[in-house]
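This report concerns only the one structure given below.
Counting starts at 1 for both ligands and their atoms, in listed order. Side-chain atoms are counted along with the backbone in the values below, which use heavy atoms only and exclude waters and symmetry mates.
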Amino acid sequence: MSGALLEVESISAAYGHIQALHEVSLSVPEGEIVALLGANGAGKSTTLNVISRLIKPTGGSVHFDGHPIHTRRTDEIVRRGIVQVPEGREIFRDMTVRENLEMGAYQRRDRPGVRTDLDQMCDIFPRLRERIGQKAATLSGGEQQMLATARAMMSRPRMILLDEPSMGLAPLIVEQIFEIIRRLNREQGMTILLVEQNVKLALSVSSYAYILENGEISLKGKAADLMADDGVRRAYLGA
Ligand code: ATP
């Protein structure tokens with residue numbers, strides 16, 4: 001074991017007869033951004049859902065900070081500090097932006113700390129400050145992604161799992177979201193496992209990456225090396 005914050009070892013998962021993951025292993029060191037890449041249906045979301053224990057693996061183990069978590073319930077995993085920002089965002093649409101952010105901190109008892117963090121999230125996401133009293137349903141797609149990410153940060157996690165933050169967003173907004181991901185990592189030291197189909201952008205923010213194909217890791221390496229790899233360039237970067 002490498003001593004990384006998150007260690008996924010040989011996990012397998014199935015939906016009925018469909019084998020979605022075959023012995024997937026990956027690790028995420030503290031303070032780094034690691035990307036999990038691959039085409040539609042490769043098994044990226046399933047991997048995140050196994051880590052969060054929204055799906056029970058059929059084999060393998062997941063360790064967080066040295067402790068096994070694959071036998072824990074999702075709420076226990078969240079309490080240990082892993083928070084997932086799901087694909088499609090799943091914000092509370094009928095609540096205001098402020099209420100959504102407060103919901104992210106519902107397990108915390110340190111009210112002054114929550115107020116400070118809310119303010120800090122509004123510094124990082126100025127759009128959210130401008131729309132703080134607005135119903136979440138009225139936000140644009142990019143703003144909803146910002147809200148979902150900021151809400152996850154409000155629980156003061158040790159690590160966030162980001163599922164396709166670029167999905168359905170215009171290129172300019174995607175750039176903004178990725179800039180924020182960089183800042184969360186650099187300024188807050190946040191450890192991030194980033195699932196993405198936008199390979200180029202994901203490699204530009206991460207230190208290490210894994211490529212999933214049909215439920216198996218087909219390639220892994222330093223982000224800079226993968227960016228320069230001919231096979232990756234042909235298959236994923238349109239080179
Ligand atoms: P996408 O980017 O399209 O979300 P992904 O890489 O995240 O793709 P998964 O959603 O993890 O892929 O899906 C992996 C495989 O498992 C696919 O073949 C998918 O069709 C199948 N699958 C996912 N969810 C279910 C489900 N609830 N029931 C049955 N099969 C599923």
Side-chain angles (χ1 to χ4, degrees), residues 6-28 33-62 64 69-70 73-74 77-78 82-91 141-142 144-149 152 159-171 173-175 177-178 181 191-206 208-221 223 226-227 229 231-238:
L6 181 77
E7 284 284 356
V8 172
E9 287 234 340
S10 298
I11 53 165
S12 297
Y15 299 101
H17 295 302
I18 302 171
Q19 184 80 24
L21 297 179
H22 312 266
E23 307 206 339
V24 168
S25 298
L26 59 87
S27 57
V28 185
I33 303 179
V34 170
L36 180 60
L37 310 170
N40 267 322
K44 305 181 298 297
S45 301
T46 304
T47 304
L48 294 191
N49 288 337
V50 166
I51 295 168
S52 295
R53 207 33 163 83
L54 294 167
I55 293 175
K56 189 178 168 191
T58 53
S61 67
V62 183
F64 185 64
I69 57 166
H70 51 281
R73 290 194 317 263
T74 301
I77 291 169
V78 171
I82 303 183
V83 177
Q84 185 167 347
V85 181
E87 195 179 21
R89 290 123 204 177
E90 295 172 27
I91 49 169
Q144 290 187 15
Q145 179 62 47
M146 291 175 195
L147 179 58
T149 309
M159 169 169 199
I160 52 177
L161 312 176
L162 283 179
D163 198 349
E164 298 213 24
S166 76
M167 195 180 63
L169 302 179
I173 309 296
V174 171
E175 295 277 355
I177 298 278
F178 272 73
I181 294 171
T191 306
I192 299 171
L193 178 56
L194 170 67
V195 156
E196 255 302 329
Q197 284 199 47
N198 190 329
V199 171
K200 195 170 176 186
L201 259 180
L203 288 178
S204 77
V205 298
S206 51
Y208 201 88
Y210 295 83
I211 297 184
L212 260 181
E213 261 177 67
N214 298 322
E216 291 181 68
I217 302 286
S218 60
L219 199 61
K220 59 182 175 178
L226 292 181
M227 195 91 92
D229 182 278
V232 173
R233 292 171 66 82
R234 266 196 307 274
Y236 297 101
L237 301 176

Between R53 and I69, is there a donor-acceptor pair closer than 3.5 Å when you use the side chain of the first and the backbone of the second?
no
Protein residues near ligand 1, heavy-atom distance below 4.0 Å?
Y15, A20, A39, N40, G41, A42, G43, K44, S45, T46, E87, E164, Q197
Using a 3.5 Å distance criterion without hydrogens, assess whether the side chain of Y210 forms a donor-acceptor pair with backbone atoms of V34.
no
Ignoring hydrogens and geometry beyond distance, is a side-chain donor-acceptor pair present between N49 and Q84 at under 3.5 Å?
yes
Does G215 offer a backbone N or O that forms a donor-acceptor pair with the side chain of H22 under 3.5 Å?
no
Any chance the side chains of S10 and E23 put a donor and an acceptor closer than 3.5 Å?
no
The ring-ring contact (aromatic ring centres under 6.0 Å, His included) partners of F64 (sequence neighbours excluded) come to none
